[in-house]
Amino acid sequence: MRSQYCGALNASFIDQEVTLCGWVDRRRDHGGVIFIDLRDRDGIVQVVFDPDAKENFALADKVRGEYVLQVTGKVRARDAATVNANMATGEVEVYGTGLEILNEAETTPFPLSEHSSVGEDVRLKFRYLDLRRAEMQKSLQFRSKVTIAIRNYLDENGFLDIETPILTRATPEGARDYLVPSRTHENKFFALPQSPQLFKQLLMVSGFDRYYQIAKCFRDEDLRADRQPEFTQIDIETSFMDEEGIMSITEGMIKTLFNDMLSVDLGEFPRMDYATAIAKYGSDKPDMRIPLELVDIKDLMTEVEFKVFSGPAKDPKGRVTALKVPGGNEALTRKQIDDYTKFVGIYGAKGLAYIKVNDASDMENGLQSPIVKFLPNDVRKAILDRVEAVNGDLIFFGADKANVVTEALGALRCKLGEDLNLYTCEWAPLWVVDFPMFEENDDGSMQALHHPFTAPSCSPDALKDSPAEALSRAYDMVLNGTELGGGSVRIHDQSMQQAVFEILGISSDEQREKFGFLLDALKYGAPPHGGLAFGLDRLIMLMTGTSSIRDVIAFPKTQSAACVMTDAPGAVDATQLRELHIRLRQKEKQEKAAE
Ligand code: ASP
């Protein structure tokens with residue numbers, strides 16, 4: 001039906017006859033001449049109808065916004081005065097000689113050009129209209145190109161694209177499962193995969209050697225701004241490769257992608273161990289574009305009278321840390337400091353102490369701060385020396401349980417970086433390595449930091465002896481403070497897998513019931529293997545510079561994990577429930593109350 005996309009037209013088409021199909025972006029009547037901006041996925045071009053072509057002109061007069069048209073016409077140069085430099089096709093216009101209205105459109109619920117003034121809920125309710133906008137068209141076209149580039153890279157490196165089931169058993173990745181009741185198996189449920197983890201490991205046992213899949217994953221967790229209950233992973237697994245091999249091949253993939261798609265050379269990715277990341281940057285995904293660092297001062301605070309500092313300093317699980325903002329004395333207003341105090345409150349910090357350094361040589365009068373009076377001069381001096389403060393600097397402090405300080409000051413570091421635009425470069429990739437195997441819950445039980453199939457870097461005996469100290473063979477790829485992907489070398493030995501399950505408090509009966517198939521598979525010649533998964537949505541977000549994950553997904557869920565367009569999740573009728581052997585508690589209560 002068409003010869004060209006609207007957005008493709010330029011001066012090289014002048015004098016050519018073209019047929020276009022698209023939507024009416026705008027229609028203007030200029031003293032007897034009708035201008036229609038016709039839009040398709042490639043862009044917009046101006047079409048002109050003049051009264052000489054009577055029939056077409058009459059039809060063009062009827063046209064309204066979002067009507068679907070087929071237009072035939074001749075491409076011609078615009079007058080110098082009307083060339084539109086802001087439009088890709090702005091040098092030309094199409095002189096319309098034929099017009100067919102393929103479909104009419106009612107007035108849309110929001111003008112597509114004024115999307116930003118309507119709430120996101122409206123945009124999501126009429127997502128099919130929102131997606132017509134150039135920005136969304138570009139974002140999804142870019143996403144398609146990225147997945148093709150990824151497939152090409154992995155295909156060239158011998159990876160096989162293999163699909164794994166969506167209706168499956170629980171795969172623990174630390175979130176709640178989405179469950180699907182079974183009609184044919186009364187009282188039993190499938191779980192949607194939190195990741196294809198176990199299947200990809202089984203594919204290694206089967207000898208496929210290099211697997212990948214662009215896979216949907218489902219995690220029922222409390223949603224944060226950049227999370228979706230269903231999201232897409234570039235899931236990768238290999239056999240006979242250690243962490244060096246896996247990191248090198250996947251780093252190569254991301255580098256190729258940035259090079260080919262954005263002409264960005266990411267260079268070689270530096271490495272940092274987890275302990276350093278937490279100590280210096282307060283995060284396991286440090287944003288290395290920001291030059292600020294956390295400096296621990298616990299040892300300086302044990303003897304001070306100020307309980308806010310000495311309490312955590314004496315507590316083995318406490319942390320006392322300083323964060324220096326060079327020039328912060330001038331750059332930050334009182335109001336900003338108050339806002340930052342509220343900000344760290346989100347992470348559980350009870351306050352945010354600070355010292356403004358007016359004169360670093362005068363411990364008596366050179367420091368300005370509500371807390372400085374609680375600190376003896378030698379401690380003041382020791383702090384300034386430790387953080388290498390000079391006149392004009394501002395030092396923030398965190399003192400609390402270690403995890404609160406780490407999270408609060410880690411987040412403050414990023415916020416300061418953003419607010420004061422401290423970025424030293426555009427892209428800062430990083431591998432974080434040497435993660436602990438486990439983290440301790442408040443009740444003393446252990447939880448896998450990655451997932452329970454991650455191999456420790458020690459023997460099963462050493463692991464059992466001191467699980468809290470054990471490190472894993474896991475690695476995360478971080479870009480600009482976002483975790484792009486994470487993975488590990490896996491356990492391929494049955495006894496090691498059992499040792500990990502035991503530490504996690506999974507009894508042998510439960511091990512058999514939940515993971516019997518994996519433990520069996522590990523008995524029959526499982527090769528050494530490992531892999532990694534990247535979050536595709538987040539990768540696209542970073543590459544396109546968008547701030548919302550919903551802007552890179554065609555049909556995303558809202559923050560409350562619902563689809564406002566289809567109204568999912570929705571109620572189901574009684575017959576369907578009966579077939580699934582399900583009785584709803586709320587309904588039952590209501591029915592009883594009515595009796
Ligand atoms: N399955 C892991 C995840 O979803 C990634 C991996 O270990 O390959 O985070």
Side-chain angles (χ1 to χ4, degrees), residues 150 154 159-166 168-178 191-205 208-221 224 226-239 241-243 245-251 253-254 274 284-285 431-439 447-457 471-479 482-492 496-497 500 515 518 526-539 549:
I150 288 168
L154 291 171
F159 286 82
L160 303 170
D161 177 3
I162 304 177
E163 287 161 79
T164 55
I166 293 293
T168 176
R169 283 199 76 122
T171 334
E173 294 279 3
R176 290 192 189 86
D177 291 317
Y178 274 100
L192 304 183
Q194 290 187 32
S195 79
Q197 186 61 36
L198 294 175
F199 288 104
K200 66 174 172 174
Q201 289 191 231
L202 295 175
L203 288 171
M204 294 305 106
V205 178
F208 287 102
D209 200 76
R210 289 183 183 203
Y211 141 97
Y212 85 96
Q213 184 185 188
I214 298 195
K216 270 295 176 81
C217 302
F218 306 85
R219 297 185 191 177
D220 185 2
E221 52 193 345
R224 285 191 246 130
D226 64 343
R227 294 259 168 115
Q228 282 281 307
E230 75 178 281
F231 60 96
T232 309
Q233 275 188 351
I234 309 157
D235 198 41
I236 292 173
E237 196 75 4
T238 65
S239 297
M241 254 199 202
D242 60 11
E243 40 277 68
I246 298 165
M247 287 159 86
S248 143
I249 210 161
T250 51
E251 181 174 320
M253 181 179 96
I254 297 297
Y274 173 84
D284 59 0
K285 37 181 186 297
W431 283 107
V432 178
V433 295
D434 291 337
F435 285 85
M437 265 301 276
F438 306 105
E439 53 189 351
Q447 184 179 313
L449 199 82
H450 275 88
H451 50 59
F453 317 106
T454 302
S457 1
L471 296 181
S472 71
R473 296 176 70 185
Y475 33 78
D476 279 1
M477 188 192 284
V478 176
L479 184 60
T482 297
E483 182 193 325
L484 267 193
S488 57
V489 170
R490 323 297 184 187
I491 298 168
H492 67 281
M496 179 67 100
Q497 188 62 71
V500 170
F515 305 111
L518 173 73
H529 62 286
L532 182 144
F534 290 100
L536 178 64
D537 311 299
R538 275 194 228 167
L539 175 65
I549 201 160

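Along the sequence shown, residues carry numbers from 1. One-based numbering, in listed order, for ligands and for the atoms of each.
In summary, the side chains of Ser195 and Gln233 do not present any donor paired with an acceptor at a separation below 3.5 Å, with no hydrogens or angles considered.
In plain terms, the two heavy atoms of Ser239 and Met204 that are nearest each other are OG-SD, 3.1 Å. Residues Arg538 and Thr482 approach most closely at CD-CG2, 3.7 Å, considering heavy atoms. Shown here for Thr232 and Lys216, the closest heavy-atom pair between the two residues is OG1-CE, 3.5 Å. Taking both residues in full, the closest heavy atoms of Ala170 and Ala191 are given as N-CB, 3.6 Å, listed atom of the first, atom of the second, then distance. Nearest heavy-atom pair, Pro456 versus Met496, reported as atom, atom and distance to 0.1 Å: CG-CE, 3.5 Å.
Under a 4.0 angstrom heavy-atom cut-off, Arg219 registers as being in contact with ligand 1. Residue Arg490 places a heavy atom under 4.0 Å from ligand 1. Residue contacts with ligand 1: Glu237 is excluded, as none of its non-hydrogen atoms falls under 4.0 Å. Heavy atoms of Lys200 come nearer than 4.0 angstrom to ligand 1 in at least one pair.
Ligand 1 has no N or O atom lying under 3.5 Å from any N or O atom of Asp235, backbone or side chain. Considering backbone and side-chain N/O atoms, Ser488 never comes within less than 3.5 Å of an N/O atom of ligand 1.
Under 4.0 angstrom from ligand 1, the non-hydrogen atoms of His451 all belong to its side chain. Contact annotation: for Gln201 versus ligand 1, there are no heavy atoms closer than 4.0 Å. The side chain of Ser195, and not its backbone, has at least one atom closer than 4.0 Å to an atom of ligand 1 (non-hydrogen atoms only; side chain from C-beta on). Only the side chain of Gln233 comes within contact range of ligand 1, with a heavy atom under 4.0 Å; no backbone atom does.
The side-chain heavy atoms of Ile491 and Phe453, taken from C-beta on, include no pair separated by under 4.5 Å. Put simply, the side chain of Ile162 does not reach to within 4.5 Å of the side chain of Phe199, judged on heavy atoms.
Relative ring orientation between Phe435 and His450 is described as perpendicular, the plane-to-plane angle rising above 60° on a 0-90° scale split at 30° and 60°.
Taking every non-hydrogen atom of Gly487 and a distance limit under 4.0 Å, the qualifying atoms of ligand 1 come out as 6 (C), 7 (O). The distance from ligand 1 to the heavy atoms of Leu532 drops below 4.0 Å at these ligand atoms: 8 (O). Residue Glu173 approaches ligand 1 through these ligand atoms, each under 4.0 Å from one of its heavy atoms: 1 (N), 2 (C), 3 (C), 4 (O), 9 (O). Residue-ligand proximity, Ala533 to ligand 1, at heavy-atom distances under 4.0 Å covers atoms 5 (C), 8 (O).
Looking only at protein heavy atoms, the nearest one to atom 5 (C) of ligand 1 is Gly486 O, 3.4 Å.
Atom-to-atom distance recorded for Thr454:OG1 and Arg490:CZ is 6.5 Å, nearest 0.5 angstrom.
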